Engineer: 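Structure in structure tokens, see below.
None of these values were measured; they are calculated from a predicted model. In what follows, every chain begins at residue 1, and chains take the letters A, B, ... in the order their sequences are listed.
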There are 2 protein chains.
Amino acid sequence: MGIERHMPGRQPRTRIQKKNTETILEAALDVFSQHGFRGSTLDQIAKAAGLSKPNLLYYFPSKVAIHRALIDELMQNWLDPLRKIEADGEPVEELLAYVLRKLEMAREYPRESRLFANEIVQGAPNIMDKIEGELKSLVDEKAQVIDGWIASGALAPVDPYHLIFSIWSTTQHYADFDAQVRAILRPEGDAHFEDAAAYLDTLFRRMLTP
Amino acid sequence: MGIERHMPGRQPRTRIQKKNTETILEAALDVFSQHGFRGSTLDQIAKAAGLSKPNLLYYFPSKVAIHRALIDELMQNWLDPLRKIEADGEPVEELLAYVLRKLEMAREYPRESRLFANEIVQGAPNIMDKIEGELKSLVDEKAQVIDGWIASGALAPVDPYHLIFSIWSTTQHYADFDAQVRAILRPEGDAHFEDAAAYLDTLFRRMLTP
DNA sequence: GGTGCTCTTGACCAAATGGTCAAAGTTGTT
DNA sequence: AACAACTTTGACCATTTGGTCAAGAGCACC
């Protein structure tokens with residue numbers, strides 16, 4: 001019967017498919033991260049990608065499919081910095097390195113951060129399953145590691161969950177609220193990230209050193 | 001010539017106008033804070049307000065006018081907690097009280113916080129003037145106060161701007177990323193705000209105590 | 001150089017959406 | 001009660017938007 005008409009296949013086969021799906025996702029990231037899902041149109045994305053609208057829909061079956069592909073891609077990398085925390089490292093330094101990695105992500109991938117932020121602010125309609133699953137279990141796991149460190153006396157006693165929240169919020173702030181940060185600091189380029197790194201190092205070092 | 005046709009006047013005159021404009025703004029806050037500006041429709045707002053769509057447009061000339069009214073109202077109260085910081089108070093306690101006030105706002109007015117967040121994440125298209133004006137000058141002023149406290153030795157040396165950013169981000173996180181926080185903590189009601197208050201008090205107390 | 005596959009697009013469609021309007025219903029005042 | 005002002009709405013409109021389709025262009029392999 002008439003099955004998948006337009007879709008070439010789940011993943012790119014030819015080089016032209018690979019190039020175009022990448023171009024589309026790149027353009028979609030630009031648009032979605034700036035206007036949110038509902039605020040973005042296929043025409044905008046098509047224009048940004050330099051393709052026609054029907055051509056977009058040749059590679060992706062729908063607008064939500066593009067968004068989903070983007071979110072899926074994002075969620076894979078998003079948790080990497082947290083995964084890298086190692087239980088047998090030096091506690092304070094492990095956590096400070098994590099802070100720095102997150103801040104680095106905010107600097108290097110602000111669009112991804114905003115895409116994520118847009119999604120969560122609006123109640124995470126499309127990724128609640130991933131948050132309740134993958135994300136929660138990873139956080140639970142690392143919270144236990146932190147509790148272990150505290151029990152061993154190598155770390156000042158803190159609530160590990162709120163610690164993680166405060167690391168997320170302070171670092172992502174520089175990506176998600178970039179417009180505000182820039183309006184207030186008027187920095188040249190990314191200069192303020194240096195100061196942010198120094199500030200956050202001090203903040204969390206004082207918090208965590210026993 | 002044919003001027004303001006539908007609008008009763010800039011501000012409500014009759015009690016029925018007052019009641020309805022309030023109802024509309026209340027409903028619009030619900031809708032806008034949940035779906036963002038572009039993601040919200042007049043029909044949604046009308047339905048939430050229990051009015052017909054043309055009736056909305058009798059009180060407000062357009063969708064953006066409703067949004068603007070909401071943002072204007074919000075900006076007035078948003079800066080109050082920061083204004084309340086007094087230069088002749090005890091520095092550490094003044095700042096910790098500010099943290100608590102901001103956290104309280106996140107708990108009491110999460111919709112307002114998300115409305116604001118939605119706006120900033122998307123580049124603050126409608127309020128950049130207010131951010132560059134009112135907000136920036138208030139922050140500059142308080143940054144000077146903080147610098148004064150540091151010079152007097154009553155406060156540990158910190159970058160006042162990044163300090164303020166970290167207070168904003170950590171507190172607003174509980175409103176803006178509520179969906180994520182709840183998915184991870186699974187709290188009953190607002191119980192986690194108590195823990196957040198204790199955590200943030202510790203975090204900033206350690207940071208700020210000389 | 002033809003045959004089948006991949007890729008591209010102009011024209012089109014149905015639904016949603018912001019907004020208008022004239023007419024009808026309410027309310028307040030004298 | 002009557003008159004004017006205020007309030008409400010059903011019907012309507014133009015535009016935008018996600019998505020379809022059939023026909024045409026490239027491309028590859030024999």
Engineer: Expressed as a whole number of angstroms, how long is the span from B/N20:CG to D/dT7:C1'?
Structural biologist: 9 Å
Engineer: Per the atom types in the model, does the base of C/dG18 pair as donor or acceptor with the side chain of B/K53 at under 3.5 Å?
Structural biologist: yes
Engineer: In whole angstroms, how far is the C1' atom of C/dT20 from the CG atom of B/N55?
Structural biologist: 14 Å
Engineer: Distance alone, cut at 3.5 Å: any donor-acceptor contact between the side chains of B/Y59 and B/N20?
Structural biologist: yes
Engineer: In whole angstroms, how far is the P atom of D/dT20 from the OH atom of A/Y59?
Structural biologist: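 Interatomic distance, OH of A/Y59 to P of D/dT20: 17 Å.
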Engineer: Tell me the interatomic distance from B/L57, atom CG, to D/dT7, atom C1', rounded to whole angstroms.
Structural biologist: 14 Å
Engineer: Closest approach to the side chain of B/S62, judged atom by atom: which nucleotide of D/dT9, C/dG19, C/dT8 is it?
Structural biologist: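 Of D/dT9, C/dG19, C/dT8, C/dG19 is nearest to the side chain of B/S62.
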Engineer: Tell me whether the centres of the aromatic rings in B/F165 and A/H192 are closer together than 6.0 Å.
Structural biologist: no
Engineer: Check the distance between C/dT8's C1' and A/Q17's CD and give it to me in whole angstrom.
Structural biologist: 13 Å
Engineer: Measuring from atom CG of A/D30 to atom CD1 of A/I45, what distance do you get when rounded to the nearest 0.5 angstrom?
Structural biologist: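 A/D30 CG to A/I45 CD1: 10.0 Å, rounded to 0.5 Å.
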Engineer: Considering the terminal five base pairs at each end of the helix from C/dG1-D/dC30 to C/dT30-D/dA1, what angle separates the two local helix axes, rounded to 10°?
Structural biologist: 10°
Engineer: Going by heavy atoms closer than 4.0 Å, what residues in residues 34-42 of chain B are next to DNA chain C?
Structural biologist: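 Correct list: B/S40, B/T41, B/L42.
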Engineer: Can you measure A/Y58 atom OH to D/dA25 atom P for me and round it to whole angstrom units?
Structural biologist: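 To the nearest whole Å, that distance equals 17 Å.
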Engineer: Between C1' on C/dT17 and CD1 on B/I66, what's the gap in Å once rounded to a whole number?
Structural biologist: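 About 14 Å, once rounded to whole Å.
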Engineer: Over how many whole Å does the gap from A/F60 atom CZ to D/dG18 atom P extend?
Structural biologist: 16 Å
Engineer: Measuring from A/K142:NZ to A/L95:CG, what's the distance to the nearest 0.5 Å?
Structural biologist: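 Going from NZ on A/K142 over to CG on A/L95, the span is 10.5 Å.
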Engineer: Between A/F204 and A/S166, what is the shortest heavy-atom contact and its length?
Structural biologist: CE2-OG, 3.4 Å
Engineer: Nearest nucleotide by nearest heavy atom, which residue falls closer to the 5' end of DNA chain C, A/R15 or B/V64?
Structural biologist: A/R15
Engineer: Among D/dT8, D/dC21, C/dT8, find the nucleotide with the atom closest to the side chain of A/I16.
Structural biologist: C/dT8
